[in-house]
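Below: one structure, written as structure tokens.
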There are 2 protein chains.
Amino acid sequence: MARSGAKRTAGQGPSTGSEETRRALVAATIEALREEGFSGTSAREIARRAGCNQGLVFYHFGTVTNLLLAALDEVSSLRLTRYQAAVDEANDLGELVQTAQSVFEEDLDAGYISVLAEMIAGASSTPGLGAEVASRVAPWRIFAADAMRDTLADTPFAQLIPAEELAHGIVALYLGLEMLAHLDGDRGGALALFERARQVAGLLGALSAGPATKEER
Amino acid sequence: MARSGAKRTAGQGPSTGSEETRRALVAATIEALREEGFSGTSAREIARRAGCNQGLVFYHFGTVTNLLLAALDEVSSLRLTRYQAAVDEANDLGELVQTAQSVFEEDLDAGYISVLAEMIAGASSTPGLGAEVASRVAPWRIFAADAMRDTLADTPFAQLIPAEELAHGIVALYLGLEMLAHLDGDRGGALALFERARQVAGLLGALSAGPATKEER
DNA sequence: GTCTATACTTGGATAGAC
DNA sequence: GTCTATCCAAGTATAGAC
């Protein structure tokens, strides 16, 4: 709401009024990117969703573009943390795919990947934005590569295809699946693929590990 | 240029002045979508590139959105024809991947998939546009499914994963690879993947067909 | 830090001359 | 069919009051 009252703990507590507004603006930007797309995410639309005045966008972030990037930073940080936690829980390829599916559905529901997709697509329209977005997408690829490396370490696939190449493909596929699912409001196609991947992963796991079921490490 | 002179064969030849202008506008729209993105593709920007007046966008297409869709139709028709020809030439999975790679580079150079990506991303910002875009993307999936079916018909993969599911993934991957390549102006990641896919395809082909090299059908 | 008001620009769309 | 001129809405950004 960003009104004036509601004084904090006075000693500049964990979140000042200013920080509160910044946060509200970032959250509103994520929301707007997801629901209105890049070109629909104007300073006025953001402020409306944040429940504050349009001028605050410029006071706090200077330009709309900066706020868009702050939103992308927020999403990136939020999701990479979540992805890491999810991957840490997975013990084999099958579990990794299973985990990826839950996370994918979260992303779809919350529109996080929409934010990414809108920023990538929107980057063409603003000089210099492409590089900024690219530098924020890079960690996603690094994360995916690390995850691939860890999970495929002692399987024959590590020799067949390098983790970096596979990671590039995984990120691209994830992005593409999100866009298609969002486009026709139907995640069925993507979910069927995850299901199939899980099944194939189980099959491959059984083959490469031999008849032994677990604890062979 | 869309000026008045240059009379045609008088009997309403293969392209009247009107048709010429429509074509110029569509071509300019494709160009603009690729270079300026969805939000940068305004009636004025399009007219500037077409070398004609801004009002003609509305005279010929009613709204900018209609012109955008006409551009998407053009790209879709152009590329599906090309894809079909390419697939018809391929005799096995390896050749199919090889063909897909050339076509992918064409798409990247000409920006055709950028047009698709921008329209998908931009659809969020205009009510009703999503459905229009979706109906124009559907043929791509159908095409991919048919291509998969034909190529995998007598391999064990046909049993392992249905053509429709695979097709959905292929389209998503293609779209995602294009967006990433366009974002950081580097197609290396995508090309490495194609290269790897070709290699794996060769390996799988050899396995599933046995030691025989060709003409086993 | 936040709000109101406003200057300036760009874009969608139409009217009317040619 | 095409162009010029114009209206109106929406967007970015800034100034100044509170």
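Chain naming here is simple, since letters A, B, ... match the order of the sequence lines and numbering starts at 1 in each. Worth knowing before you read on, the calculation uses all heavy atoms, side chains too, and leaves out hydrogens, waters and symmetry mates. Just so we're clear, the structure is a prediction, and the values are computed from it rather than from any experiment.
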Kindly assign one of parallel, tilted or perpendicular to the pair B:Phe194 and B:Tyr174, based on the angle between their ring planes and the thresholds 30° and 60°. perpendicular
Aromatic rings A:Trp140 and A:Tyr83: how do their planes relate, parallel, tilted or perpendicular, breaks at 30° and 60°? perpendicular
Below the 4.0 Å mark, does D:dA10 have OP1 or OP2 next to a side-chain nitrogen or oxygen of A:Ser42? no
Give a yes/no on whether any side-chain N or O of A:Thr21 is located under 4.0 angstrom from OP1 or OP2 of C:dT2. yes
So which nucleotide from [options] ends up closest to the side chain of [X]?
{"X": "B:Gln54", "options": "D:dT6, C:dA5, C:dC3", "result": "D:dT6"}
{"X": "A:Asn53", "options": "C:dG12, C:dT4, D:dG1", "result": "C:dT4"}
{"X": "B:Arg44", "options": "D:dG1, C:dC3, C:dG11", "result": "C:dG11"}
{"X": "B:Tyr59", "options": "D:dC3, D:dG1, D:dA13", "result": "D:dG1"}
{"X": "B:Leu56", "options": "C:dG1, C:dA13, D:dC3", "result": "D:dC3"}

Measure [atom1]/[X] against [atom2]/[N] and give the value in whole Å, please.
{"X": "B:Glu20", "N": "D:dG1", "atom1": "CD", "atom2": "P", "result": "12 Å"}
{"X": "A:Phe58", "N": "C:dC3", "atom1": "CZ", "atom2": "P", "result": "15 Å"}
{"X": "A:Ile46", "N": "D:dA10", "atom1": "CD1", "atom2": "P", "result": "17 Å"}
{"X": "B:Phe61", "N": "D:dT2", "atom1": "CZ", "atom2": "P", "result": "11 Å"}
{"X": "A:Glu36", "N": "D:dA10", "atom1": "CD", "atom2": "P", "result": "13 Å"}
{"X": "B:Leu68", "N": "C:dA13", "atom1": "CG", "atom2": "P", "result": "11 Å"}

Closest contact, heavy atoms only, A:Glu178 versus A:Asp107: OE2-O, 4.5 Å
Step by step, work out the salt bridge (charged side-chain N to carboxylate O under 4.0 Å, His left out) result for B:Arg23 and B:Glu20. CA-CA 5 Å; B:Arg23 266 191 247 282; B:Glu20 231 175 277; over 6 Å; no
